Each structure stands twice: as C-alpha cells, then as structure tokens.
Amino acid sequence: MAALDGLPPLRDVIARHGLDAKKALGQNFLLDLNLTQKVARTAGSLEGATVIEVGPGPGGLTRAILALGAKKVIAIERDARCLPALQEIADHYPGRLEVIEGDALKTDFETLARGEPVKIIANLPYNVGTQLLVNWLLPGHWPPFWQSLTLMFQKEVGQRIVASEDDNHYGRLGVLCGWRTNAHMAFDIPPQAFTPPPKVTSTVVHLEPIEKPLPCDPDKLEKVTLAAFGQRRKMLRQSLKPIGGEALLARADIDPQRRAETLSVEEFCRIANLI
Ligand code: SAM
C-alpha cells in the first residue's frame with residue numbers, strides 16, 4: 001500500500017536501494033510514517049519553514065517534514081547509498097529538498113542556513129548528536145542562527161539534557177542546556193519502532209534558545225562544570241580547588257560543603273563570572 005504522500009512504503013525503498021542498516025553509521029531507521037510525523041510535529045508548525053535535517057537515511061523523517069509543509073529542507077547525509085532514495089523524494093517535492101552528502105560533524109550549519117531562520121531536526125547516532133548539540137549551543141554569537149532543535153537521543157542522554165539541580169542526571173550537559181535553552185523531552189520511542197531495533201529506549205528532545213541567557217563566558221562555565229562534576233561526589237571546596245576552591249566559593253557566596261549537583265545554573269554562572 002502506498003503511503004499518504006504517494007511515495008512508496010519505506011520498506012520497499014530500503015529493499016529496492018539495498019539500504020541494509022550499517023552499525024558503524026548508527027543506522028536504526030524509523031519506517032512508520034505516523035511516528036516520523038509525530039517527531040516532526042514536535043518542532044512546532046513547519047508550514048513555510050526552512051529545516052535542516054541531519055542524517056535523513058532513507059528519508060522517513062524527511063518525508064514527514066515535507067508533508068507537514070516545510071518550504072525547504074536541507075538534509076546532510078553521510079551514507080552515499082541513501083542518496084538515490086532521497087533523490088526520489090526530491091523529485092516528488094520539486095525545489096523543496098536539497099541533499100548534501102557529507103559528515104555533519106564537519107558541516108558549517110550557519111553557512112548552510114544562508115541567513116534564514118532554521119529549525120534543526122535530527123535522528124542521529126547518539127555520540128554524533130551530543131557533539132552537534134554542544135556545537136549548536138556554543139556558536140560565536142547568541143541568539144544562535146537556529147530557532148529550535150528537535151533531536152532524538154537515547155533516553156538517558158535526553159534525561160541529562162533536560163536535567164536541573166538535585167536530579168541524578170544533572171551534569172555538564174544539563175548546565176549548558178539549562179543556561180542557553182528551554183529544553184524538554186517530548187515523548188519516548190521504544191526500540192521495536194526502529195529497524196533494526198537499538199538496545200535502549202529513545203526519546204525526542206526539543207530545545208529553544210533563551211534569547212538573553214545569564215551573562216557568562218562559555219569557556220569559564222565549562223571550566224567550572226568540568227571541575228565540579230569531574231568529582232561530583234566531593235564537596236565543592238575540594239572539587240573546585242584547582243580553580244580557586246574555598247576563596248572562590250566565598251566570593252560567590254556559596255557554601256563550600258555543597259556538591260556540584262545541588263548548584264543551579266545561576267550559581268554555576270556566578271562562580272564562572274568570578275574566575
Ligand atoms: N533519519 C532516519 C530515520 O529517522 O529513520 C535515519 C536515522 S539513523 C538513526 C542515523 C542516520 O544518520 C543514518 O542515515 C546515518 O547514515 C546518518 N549519519 C551517521 N553519522 C552521520 C554524520 N556524521 N553525518 C551525517 N549523517 C550521519
């Protein structure tokens with residue numbers, strides 16, 4: 001049975017183009033177009049939007065983004081085997097899908113956006129996704145070039161992204177995301193929804209930039225969170241010793257007996273601003 005967009009079912013596309021999943025590229029494909037639409041809808045209205053999609057694979061999520069009205073999708077895919085399948089989608093939606101073969105980790109996304117406000121949507125291998133997320137949170141200027149990030153992660157990584165103080169998952173990623181974005185986990189996706197199924201549950205995380213985050217130098221914030229969470233079970237007077245220890249904490253008016261995971265983002269920024 002053909003899908004609602006008139007294109008063939010993804011299972012046929014994969015068989016026809018010989019796209020058996022490659023583990024090294026973290027390929028776990030979503031073939032259910034209702035589910036890919038649910039992921040795409042998490043990005044908010046896509047009507048008339050420009051979207052950068054990373055890792056389109058055979059194009060399930062790409063099709064959902066286009067069906068939901070995106071005026072332009074720029075998709076970056078590393079696996080050249082996927083390009084003919086993606087070309088079929090581009091032919092179906094003339095002028096609306098541009099596919100770039102390349103490594104997302106080496107891609108200059110801001111240049112790709114060409115000054116347009118963009119929504120970024122991706123289902124990537126989790127290590128690539130986390131590195132890209134950190135890059136997108138630390139561009140040369142703020143607010144950033146992107147309007148929102150809608151990303152799929154292992155659930156445990158999603159929990160770290162949205163965590164705030166006094167949460168076991170709170171750490172460097174949570175501080176960075178909490179400092180610059182409003183982030184929430186939208187919904188989980190069980191392993192069996194993917195082909196082949198990964199070992200763990202996935203989750204969709206949506207992040208929007210805070211227009212004016214607390215003033216703070218990202219390098220200094222990184223220094224503080226690295227020291228503090230590097231020894232997360234120790235008191236701050238111990239873990240922060242290399243960068244100023246008790247004296248620094250006294251200036252920041254923070255109890256030196258506290259531990260990293262009890263500090264709010266505002267308190268981390270306060271310490272960072274004093275080093
Ligand atoms: N978006 C598709 C979906 O939801 O079914 C595919 C998702 S699959 C988990 C990850 C995709 O990212 C694969 O197509 C893989 O080839 C691609 N990929 C992996 N590493 C990449 C990289 N560094 N740059 C661009 N694409 C990459």
Side-chain angles (χ1 to χ4, degrees), residues 3 5 7-43 46 51-68 70 73-90 97-109 111-112 119-136 149-155 157-158 186-206:
D5 59 10
L7 285 160
L10 280 161
R11 234 170 252 292
D12 294 1
V13 173
I14 286 173
R16 198 156 33 83
H17 293 282
L19 300 179
D20 43 303
K22 274 193 190 166
K23 216 174 169 179
L25 286 171
Q27 292 181 334
N28 303 98
F29 301 132
L30 279 179
L31 306 187
D32 176 347
L33 292 168
N34 289 318
L35 194 53
T36 58
Q37 287 222 6
K38 190 172 171 190
V39 176
R41 269 196 216 100
T42 307
L46 295 179
V51 175
I52 294 184
E53 191 201 355
V54 194
L61 192 50
T62 323
R63 283 166 62 169
I65 296 165
L66 287 161
L68 288 171
V73 179
I74 303 162
I76 300 117
E77 173 55 60
R78 196 170 169 184
D79 185 355
R81 296 179 312 157
C82 297
L83 301 188
L86 293 166
Q87 186 55 48
E88 288 174 6
I89 305 172
L97 172 62
E98 180 185 343
V99 181
I100 297 170
E101 182 191 350
D103 181 348
L105 290 169
K106 296 181 185 148
T107 300
D108 177 350
F109 286 92
T111 302
L112 271 193
K119 295 186 175 205
I120 297 180
I121 303 179
N123 173 17
L124 279 168
Y126 86 98
N127 54 337
V128 178
T130 314
Q131 183 58 58
L132 286 175
L133 170 61
V134 171
N135 296 348
W136 287 325
L149 307 173
T150 304
L151 313 171
M152 231 180 288
F153 284 105
Q154 293 189 343
K155 185 166 184 182
V157 178
F187 60 95
D188 292 346
I189 305 184
Q192 59 273 21
F194 295 88
T195 303
K199 287 205 175 69
V200 294
T201 297
S202 300
T203 198
V204 178
V205 183
H206 182 74

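Small disclaimer: the values here were computed from a predicted structure and weren't measured. First listed ligand is number 1; within each ligand, the first listed atom is number 1. Note that the numbering runs from 1 along the sequence shown for the chain.
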S.K.: What atoms of ligand 1 come closer than 4.0 angstrom to any heavy atom of E53?
M.R.: 1 (N)

S.K.: Tell me the protein heavy atom at minimum distance from atom 27 (C) of ligand 1, and give that distance in Å.
M.R.: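 Result: R78 CB, 3.7 Å.
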
S.K.: Can you report which non-hydrogen protein atom sits closest to atom 20 (N) of ligand 1, along with the distance?
M.R.: P125 CG, 3.8 Å

S.K.: Do Q131 and N135 have a side chain donor and acceptor closer than 3.5 Å?
M.R.: yes

S.K.: Do P58 and ligand 1 have an N or O pair less than 3.5 Å apart?
M.R.: no

S.K.: Does C82 approach ligand 1 within less than 4.0 angstrom via side chain, backbone, both or neither, non-hydrogen atoms only?
M.R.: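 Near ligand 1, C82 shows nothing, with every heavy atom at 4.0 Å or more.
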
S.K.: For atom 5 (O) of ligand 1, what is the nearest protein heavy atom, given as residue, atom name and distance?
M.R.: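 Nearest protein contact, heavy atoms only, for atom 5 (O) of ligand 1 is L30 N, 2.8 Å.
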
S.K.: Would G59 count as a contact of ligand 1 if the rule is a heavy atom under 4.0 Å away?
M.R.: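 No, that is not the case, since the closest heavy atom of the residue is not under 4.0 Å from the ligand.
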
S.K.: Only heavy atoms of I76, strictly under 4.0 Å: list the atoms of ligand 1 that pass.
M.R.: 25 (C), 26 (N)

S.K.: Evaluate the side-chain contact (heavy atoms from CB on, under 4.5 Å) criterion for residues T195 and R11: first the C-alpha distance (whole Å), next the side-chain angles of each, then the deciding distance (0.1 Å), finally the verdict.
M.R.: CA-CA 10 Å; T195 303; R11 234 170 252 292; 4.1 Å; yes

S.K.: Starting from atom 1 (N) of ligand 1, what is the nearest protein heavy atom, named by residue and atom, and what distance separates them?
M.R.: G55 O, 2.8 Å

S.K.: Is there a side-chain contact between F29 and L10, using heavy atoms and a 4.5 Å cut-off?
M.R.: no

S.K.: Should G26 be listed as contacting ligand 1, given a heavy-atom distance under 4.0 Å as the test?
M.R.: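 It does, in that a heavy atom of G26 comes within the 4.0 Å cut-off of ligand 1.
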
S.K.: Check whether any heavy atom of K22 sits under 4.0 Å from an atom of ligand 1.
M.R.: no

S.K.: Sub-3.5 Å donor-acceptor pair from the side chain of T36 to the main-chain atoms of G60, do we have one?
M.R.: yes

S.K.: Using a strict cut-off of 4.0 Å, indicate which atoms of ligand 1 neighbour a heavy atom of N28.
M.R.: 7 (C), 8 (S), 9 (C)

S.K.: Would you say the side chain of Q37 lies within less than 4.5 Å of the side chain of L68, judging by non-hydrogen atoms?
M.R.: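 Sidechains of Q37 and L68: in contact.
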
S.K.: Nearest protein heavy atom to atom 3 (C) of ligand 1, by residue and atom, and its distance?
M.R.: N123 ND2, 3.5 Å

S.K.: Considering only protein heavy atoms, which is closest to atom 2 (C) of ligand 1, and at what distance to one decimal place?
M.R.: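 For atom 2 (C) of ligand 1, the nearest protein heavy atom is P56 O, 3.3 Å.
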
S.K.: Please identify which atoms of ligand 1 are closer than 4.0 Å to at least one heavy atom of G102.
M.R.: 24 (N), 25 (C)

S.K.: I want to check something: taking the side chain as every heavy atom from C-beta on, are L30 and M152 in contact at a cut-off of under 4.5 Å?
M.R.: yes

S.K.: Applying side-chain contact (heavy atoms from CB on, under 4.5 Å), run through I89 and R63 and close with a yes or a no.
M.R.: CA-CA 7 Å; I89 305 172; R63 283 166 62 169; 3.7 Å; yes

S.K.: D79 to ligand 1: N or O pair under 3.5 Å?
M.R.: no

S.K.: How far apart are the C-alpha atoms of V204 and I189, what are their side-chain angles, what is the distance that settles it, and do they pass the side-chain contact (heavy atoms from CB on, under 4.5 Å) test?
M.R.: CA-CA 8 Å; V204 178; I189 305 184; 4.0 Å; yes

S.K.: Could you find the nearest protein heavy atom to atom 14 (O) of ligand 1 and give me its residue, atom name and distance?
M.R.: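 For atom 14 (O) of ligand 1, the nearest protein heavy atom is E77 OE1, 2.8 Å.
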
S.K.: Given I100, L25, D103, identify the one with the heavy atom nearest to atom 19 (C) of ligand 1.
M.R.: L25

S.K.: So for ligand 1, is A104 a polar contact partner (N or O within less than 3.5 Å, distance only)?
M.R.: yes

S.K.: Can you confirm whether Y126 sits close enough to V200 that some side-chain heavy atom of one is under 4.5 Å from a side-chain heavy atom of the other?
M.R.: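 SC-SC contact between Y126 and V200 ruled out.
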
S.K.: Is any side-chain heavy atom of R81 closer than 4.5 Å to a side-chain heavy atom of Q27?
M.R.: yes

S.K.: With a 3.5 Å distance limit and no angle check, can you tell me whether E53 reaches the backbone of I121 through a side-chain donor-acceptor pair?
M.R.: no

S.K.: For T203, does its backbone N or O pair with a side-chain atom of D188 as donor and acceptor, under 3.5 Å?
M.R.: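 Such a contact is absent between D188 side chain and T203 backbone.
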
S.K.: Give the numbers and elements of all ligand 1 atoms closer than 4.0 Å to a heavy atom of G57.
M.R.: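 With G57 as reference, the close atoms of ligand 1 come out as 14 (O).
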
